[in-house]
Amino acid sequence: MSSIKQVINDAVEKVRQPNPIRLRDLIRQIRSAKTAAEERAVVNRECAYIRLTFREEDSVWRCRNVAKLLYIHMLGYPAHFGQMECLKLIASPRFTDKRIGYLGAMLLLDERQDVHLLITNSLKNDLNSSTQFVQGLALCTLGAIASPEMSRDLAGEVERLLKSSNAYIRKKAAVCALRIICRVPELMEMYLPATRSLLSEKNHGVLITGVTLITEMCRQSPDMLAHFKKIVPNLVRILKNLIMAGYSPEHDVQGVSDPFLQVKILKLLRILGCGDSEASETMNDILAQVATNTESSKNVGNAILYETVLSIMDIKSESGLRVLAINILGRFLLNADKNIRYVALNTLLRVVHADNSAVQRHRSTILECLKDADISIRRRAMELCFALINGNNIRTMMKELLTFLEKAEPEFKASCSSKCVLAAEKYSPNVRWHIDTLLKVVEAAGNHVPDDVVSSTIQLISETRTEQAYAVGELWRHLSIAQMEYQPMIQVATWCIGEFGDLLLSGHADVTVVESELIDIYQKILWSSQCSITTKEYALTSLMKLSARLTHEIGSIQQVVSAFGSHLNIELQQRGIEYSQLFTRHNHMRGPLLERMPPFEGTRAGTEQDKATITNGVDTPLDNESLLNDLTSPNNNAHETSESNALLDLLGGMEPGDSDTIKSTSTSISLTVASTPSVNADILDLLGGLDSGPAASVPTTNMNEAPPTQLPNSSNAAYLLDGLLNNSTPIISSPSSPVTNSAGTIPTSNSIYPLVLQKSSIPGITAYDKNGIRLDMAFELQETLITINLIASNNTGAQVTDFLFQAAVPKVPLRMRIKLSWLANGSPVQDQGEISNFPSALWQ
Amino acid sequence: MQFMLLFSRQGKLRLQKWYEAHPDKVKKKITRELISTILARKPKMSSFLEWKDLKIVYKRYASLYFCCAIEQQDNELLTLEVIHRYVELLDKYFGSVCELDIIFNFEKAYFMLDELMVGGEVCETSKKNVLKAIAAQDLLQEVSYGDTAYEL
């Protein structure tokens, strides 16, 4: 009677207060929403309802509501208000509640939340439950979200469960322990005793988790590693049984018996055998057995072979085994499955340095992989190819690599081209091949060539006299068909044609070129909107050089150059104007000035140059500047430091620690000064300062300054060659003319005035003689060019450091205002004055 | 394993299992990035890709992508096998599993995954044992309700 009443009451209740909708109904509702807004509306409505029921502490439907909330959470909506409900579910005795509760905990709570510590107590209870599945839930959750605090609290429970008689519990406890020792490494000791028995299991689940646990222990602690070395024979035995045992349907995967366990054991063997010859000895046989017996037609077999190869390469295996491993990788490369090829290339990349000769055998297959459809495979094949290049195979390899370079994606081109250059540098069979290759690289890589490749190419050509005719011929051919958008090729070509144009025209280069053709091409380059400013700078300078090599078309060159005098870009404009001067006022020196340069010294790309990979499509105003700096002074990365080094050389005798303190050393600085009698001449602005302090003024005003150059040998340390510092003094107002200062090293293409030092008939003067410092000047005059040699002597009897000489030359008549400062025995001395006793011969 | 994601061809997430703690925002960002990266890959490309400092292994089964993130020292080919084992288990359980099954029974998909792996490591290699455990727990679930049918 009462039960019927109960049922009626329940039914009435149900009608009055409908149950929350079922999970699948909600899912259906949400999925049928046609727009995002509709979906949001459904979700929000349901969330509001769920929140309400949570507040009402409805324990009956909590499970369903939380499940719905978890679905909503997966869609991306916030669900944090469900966290406490999960705790309540976990505490409930019902299994469904626990299941959903723990799932919710794993999804919504992680070790970063403070709330998660609240479930520690429930976890503890459930770990001690009599139902194995409840224990299993707790272990699973602990394994997923354990924080260090929780780990410490529950480590003991897990350790106890590790010794449980129930295999189901043991295996989960083992993985849980793994997580705990990852979070709290100090607890590792606690689990050591329990692990001993794990390996004598029959149950594969316990075996695999046991092996995983031991692997982690060995990885974390060298002591553990040493301790577990003794289980190597056990592992070998287990592995052997796995392979030799007959078909076991339970663990079989496509003919292979429990591949998961096999791989885990192989990994552990690897860790135990690494660096240990004795252990490696023990595992040699089994590794060979696995390697030869495993079927490789399916992915699962290959997974095992892959792990075997990794293990063989990492332990101290005998060479026969290593060759076997590499052959397996070679076989992988031929596999139709791209995943296997990928994995093989990856592994080969790691071992190629150790076993180069073995990998060489598979070179042709690797070259084939350069043409694979998958970009990651292509990239790995490329890197592997570079690792395999040696003197014997350079030709074939380079051929393939150049083909690859042509078709490569932009992000590859930069690295591929500089690696090609490096390889060519190391292994070229002869110079002509080297030049050919460099040219091909520049051509194939288009605009994605790093800066150092351009300069390397130029440097190589300049060094090899014999091939210059050939090179310029080739470059002319390229240039006449070149696309204007590929800057590096144009830059290299114009530079070479500028330098060696005479070879081109005289027929030495196997091409017939008429002067007007040359001019046409140059005009095309200089007026093309696709060419960068840098390229045009190259072209303009090169055109100027040609004016000294051609015979007929000088007029048109002059026209072109002067047209640039009004170019919008400052650099080009300046060049235009100054080069035009060479046709008019300084026509006499144009020839000697533009003579062929001596070969470059210094290192090429790949050794110590800056390897900035700047794609050449981008203009930077000082591009050309820095490029040529690199060409001419390889060790010159900062003007200041080389200045200071130069100065230290200069003041060699004045260095602290020098035994001869009372040395009067002399230093000489050559300053080349251009002055002209006419008023609107460009007066030089040059201040050959010797600047050793960190307050060196950085040259910024004059783009045309030549970079400082360094002495190739240091025996001439007293005779210094320093670069120029343009200390722009306020006295000078007119634009400066380029001044260079070089004595025997490389004149840059920026320099217009060659250095000419001759004996002079003009008397020298003593410009300054005070405070123990004496400045003597010697003069040379060639027409309008005055060269002053300044000798500074230290007669103080004490050490002088930080000597700074600054000079400014106002306009005619020839005077020089100077300012000196130095440190005598540590105390600073300063002086300034004017030198006006220049011999009148200088300006007449 | 650091995490596993299941998503559809339209980029809708069907399952996410994280074995490393990240704030929600980070998880969302990672998910978004990975989904768009993987969906952009062509069918001819390999199943592996490098992403940050992890290796990503993914495989497509019908309309669902299974994507796992593993560490550098893990075996990619084996991860493919793990994914395949998971799919096989689901297939046995649901009987020819399809995406809809996973959508409407997502909690069961999670339960299955938790039987196969704990903390990102495989803990049971026998298909039979996994399915046995799941079946037993389902039974417990029914029993715990007694008479009233309090299904989800």
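Excluded from the calculations below are hydrogen atoms, water molecules and symmetry mates; all remaining heavy atoms, backbone and side chain alike, are included. Here is how names work: the chains are called A, B, and so on, in the same order as the sequence lines, proteins then strands, and each is numbered from 1.
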Handout entry: Side chain, backbone, both or neither of B:K42 within contact of chain A (heavy atoms, under 4.5 Å)
Key = neither
Fill in the blank from the handout: Separation between CG (A:L107) and CD (B:E107), nearest 0.5 Å, reads 11.5 Å
Practice task
Would you confirm whether B:N75, through its side chain, and A:Y306, through its main-chain N or O, come within 3.5 Å as a donor-acceptor pair?
Solution key: no
Exercise for the section: Indicate yes or no for a side-chain donor-acceptor contact from A:N339 to the backbone of B:S46 under 3.5 Å, with no hydrogens or angles considered. Expected result: no
Fill in the blank from the handout: What one should report as the nearest heavy-atom pair of A:V175 and B:C123 is CG2-CB, 3.9 Å
Practice task
For each of A:K98, A:H251, A:K68, A:Q132, tally heavy-atom pairs with chain B at distances under 4.5 Å, and name the one with the top tally.
Solution key: A:H251
Problem - Over all atoms of both residues, closest heavy-atom pair of A:I27 and B:I103 - result: CD1-O, 3.6 Å
Practice task
Give, as side chain, backbone, both or neither, the part of B:K28 having an atom under 4.5 angstrom from any heavy atom of chain A.
Solution key: side chain
Problem - Contact origin within B:Q73 toward chain A - heavy atom pairs under 4.5 Å - result: both
Practice task
Could you tell me which non-hydrogen atom of A:K267 sits nearest to which non-hydrogen atom of B:D74, and how far apart they are?
Solution key: NZ-OD1, 3.2 Å
Practice task
Tell me, please, whether B:F111 has A:R99 positioned over its six-membered ring: NZ or CZ under 6.0 Å from the ring centre and within 45 degrees of its axis?
Solution key: yes
Fill in the blank from the handout: Interface check, chain A: of B:K127, B:E50, B:E88, most non-hydrogen pairs under 4.5 Å belong to B:E50
Exercise for the section: For A:E250 and B:T125, run side chain to side chain contact (heavy atoms under 4.5 Å, CB included): C-alpha distance rounded to whole Å, both residues' side-chain angles, the deciding distance at 0.1 Å, then the answer. Expected result: CA-CA 8 Å; A:E250 202 176 318; B:T125 57; over 6 Å; no
Completion exercise
Turns out that what part of A:L142 lies under 4.5 Å from chain B's heavy atoms comes down to neither
Handout entry: Side chain, backbone, both or neither of B:D24 within contact of chain A (heavy atoms, under 4.5 Å)
Key = side chain
Completion exercise
Which of A:V263, A:V256, A:V300, A:I304 passes side-chain contact (heavy atoms from CB on, under 4.5 Å) with B:E81? Answer is A:V300
Exercise for the section: Could you walk me through whether B:M45 and A:I375 pass the side chain to side chain contact (heavy atoms under 4.5 Å, CB included) test, one step at a time? Expected result: CA-CA 8 Å; B:M45 301 175 103; A:I375 187 171; 3.8 Å; yes
Fill in the blank from the handout: To the nearest 0.5 Å, atom CD of B:Q141 lies from atom SG of A:C63 at 7.0 Å
Exercise for the section: Check whether the side chains of A:Y168 and B:E124 place a donor and an acceptor atom closer than 3.5 Å, and report yes or no. Expected result: no
Problem - Shortest non-hydrogen separation from A:N299 to B:L80 and the atoms involved - result: ND2-CB, 3.8 Å
Practice task
Please look at B:V82 and chain A and tell me whether the side chain, the backbone, both or neither of the residue comes under 4.5 angstrom of a heavy atom of that chain.
Solution key: both
Completion exercise
Here the pair of heavy atoms bringing A:K172 nearest to B:D114 is NZ-O, 3.8 Å
Problem - No-hydrogen, no-angle side-chain donor-acceptor test under 3.5 Å, B:E121 and A:T212 - result: no
Exercise for the section: Test B:E76 against A:Y342 for side chain to side chain donor-acceptor pair (under 3.5 Å), laying out the working first. Expected result: CA-CA 10 Å; B:E76 300 97 311; A:Y342 176 95; 5.5 Å; no
Practice task
Go through the steps for A:M106 and B:K17 under the test side chain to side chain contact (heavy atoms under 4.5 Å, CB included), then give the verdict.
Solution key: CA-CA 9 Å; A:M106 284 194 272; B:K17 188 78 186 179; 3.3 Å; yes
Handout entry: B:L100, part contacting chain A, at a heavy-atom distance under 4.5 Å
Key = side chain
Handout entry: Residue among B:G120, B:G119, B:A133 with most heavy-atom pairs under 4.5 Å to chain A
Key = B:A133
Completion exercise
Bottom line for B:R85: the part with an atom under 4.5 Å from chain A's heavy atoms is side chain
Exercise for the section: Measure distances from B:H84 to the heavy atoms of chain A and classify the residue's part below 4.5 Å as side chain, backbone, both or neither. Expected result: neither
Handout entry: side chain to side chain contact (heavy atoms under 4.5 Å, CB included) assessment of B:F104 paired with A:R31
Key = CA-CA 11 Å; B:F104 279 96; A:R31 279 170 64 81; 4.2 Å; yes
Handout entry: Under 4.5 Å from any heavy atom of chain B - which part of A:V206
Key = neither
Fill in the blank from the handout: Closest heavy-atom pair, B:L78 versus A:P259, reported as atoms and distance to 0.1 Å, is CD1-O, 4.1 Å
